[in-house]
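All values below come from the heavy atoms of this structure, side chains included, with hydrogens, waters and symmetry mates left out. One is the number of the first residue; the rest follow in order along the sequence.
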Amino acid sequence: MADAKDIEKKVADFTQLLTRVVQTGGNWYIPEDVKAQFQKQSHNPDINDINVAVFGQLDTDKMIALARAGAVHWWQPFTGKAFFGDADGMKKIYNAVPAESRPNATSAMTWVCFPYKAAGVSNKIEVAVLRQLFDWGADVNEKKGEWLEKAVRQLDGEPLKEFVKRGSIATVFKAMDAITDDTRRAEIQKLLQKPTSYVKVDDDTLSETKFIPDAQGGSTFKALFNFRARRVNEVFEGPDRKTVFMTSAAFGDYDSAAIDFAREKLKSLGGKPNDGGAKPAFRGLSAPQA
């Protein structure tokens with residue numbers, strides 16, 4: 001089995017071969033024996049790890065020329081550039097590939113969704129590469145979330161954030177079951193949170209919605225502040241969207257600080273809530289006429 005030293009030697013050997021691949025007048029000249037040696041290496045399905053580890057370190061323009069000539073499979077140098085964190089090289093290859101032969105972005109993502117060694121060579125996980133793969137349609141939830149689970153369990157920082165924000169929440173919680181470090185679990189849970197949203201329903205009503213991540217996919221809690229009716233309606237909706245609980249309270253029975261905050265928020269959104277804090281006076285029954 002090949003190791004890092006074997007890869008280093010192969011890179012040196014193929015780099016030497018590439019010195020004979022030259023560009024003249026805008027066209028690439030590839031000697032037949034060079035083409036044959038690359039074909040022998042590239043077309044062996046039993047050494048994909050080696051090909052990714054080797055081709056990812058070779059000259060991008062010359063690998064494009066070899067791929068166009070049928071000497072190497074497009075996906076190998078493309079994935080190799082992703083593997084080594086070379087976003088520019090990866091994009092250059094992607095843009096050079098005929099549309100009908102474009103490499104699969106999800107497949108390339110699987111090589112950089114967790115720390116991995118190809119033939120003894122470690123990958124370099126760069127957030128710029130991940131974002132570009134996601135822009136090309138890489139699916140973090142493929143294979144029932146297998147790759148997402150690997151990412152959640154083993155990545156951190158910005159790369160972890162990129163996976164979590166695109167992944168199934170239920171899968172993220174499943175992956176967290178294998179994590180015993182409370183600090184790390186808290187970090188992941190923080191990434192699952194979404195900012196509270198505020199919507200002006202009309203001049204008198206503000207809708208406040210909070211997302212609650214959970215193992216079933218997430219629930220929502222909504223509060224409707226109606227300043228005309230002077231009531232707050234709260235609605236909890238479970239992850240199945242069928243479990244709904246609702247409560248209603250008069251302003252006088254609700255937290256005054258929350259009402260004041262909602263009033264100012266509605267104003268900032270262009271609403272016109274009443275500013276009075278006191279309950280409207282109740283006139284009662286009129287006295288009988290004499």
### Task
Is it possible for you to say whether Leu133 and Val127 belong to one hydrophobic cluster, with membership spreading through side-chain heavy-atom contacts below 4.5 Å?
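No: no chain of side-chain contacts under 4.5 Å links Leu133 to Val127.
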With a 4.0 Å cut-off on N to O distance, would you call [X] and [Y] a salt bridge?
X: Arg131; Y: Glu162; answer: yes
X: Lys190; Y: Glu187; answer: no
X: Glu208; Y: Lys222; answer: no
X: Lys144; Y: Glu146; answer: no
X: Asp202; Y: Arg228; answer: no

### Message
Using a 6.0 Å distance limit plus a 45 degree cone around the ring axis, check whether Lys194 lies over the aromatic ring of Phe211.
### Response
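Because its charged atom sits under 6.0 Å from the ring centre and within 45° of the axis, Lys194 does stack over Phe211.
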### Least distance between heavy atoms, Asn226 atom then Phe251 atom
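Heavy atoms only, the tightest pair is O-CZ, 3.6 Å.
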### Task
Might you point out which heavy atoms bring Arg263 and Asp260 nearest each other, and give the distance in Å?
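Of all heavy-atom pairs spanning Arg263 and Asp260, the closest is NH1-OD1, 3.1 Å.
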Does a side chain donor of either [X] or [Y] reach within less than 3.5 Å of an acceptor in the other side chain?
X: Ser42; Y: Asn51; value: no
X: Thr60; Y: Lys81; value: yes
X: Ser248; Y: Asn233; value: yes

### Query
What's in the same ILVMFWY side-chain cluster as Phe245, cut-off under 4.5 Å, chained through other members?
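Taking Ile, Leu, Val, Met, Phe, Trp and Tyr as members, Phe245 shares its hydrophobic cluster with Ile212, Phe221, Phe236.
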### Query
side-chain contact (heavy atoms from CB on, under 4.5 Å) with Ala118: which residues, sequence neighbours excluded?
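side-chain contact (heavy atoms from CB on, under 4.5 Å) check on Ala118 returns Asp49, Ala53, Phe83, Trp111, Tyr116.
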### Donor-acceptor contact present, side-chain Asn95 to main-chain Lys91, <3.5 Å
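Indeed, once roles are kept as given, a pair shorter than 3.5 Å links the two residues.
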### Query
Quick one: does Asn44's side chain have a donor or acceptor within less than 3.5 Å of a partner on Gln41's backbone?
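No.
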### Task
Mind telling me whether Trp147 and Phe114 have parallel, tilted or perpendicular rings, with 30° and 60° as the class edges?
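The rings of Phe114 and Trp147 lie parallel, inter-plane angle below 30°.
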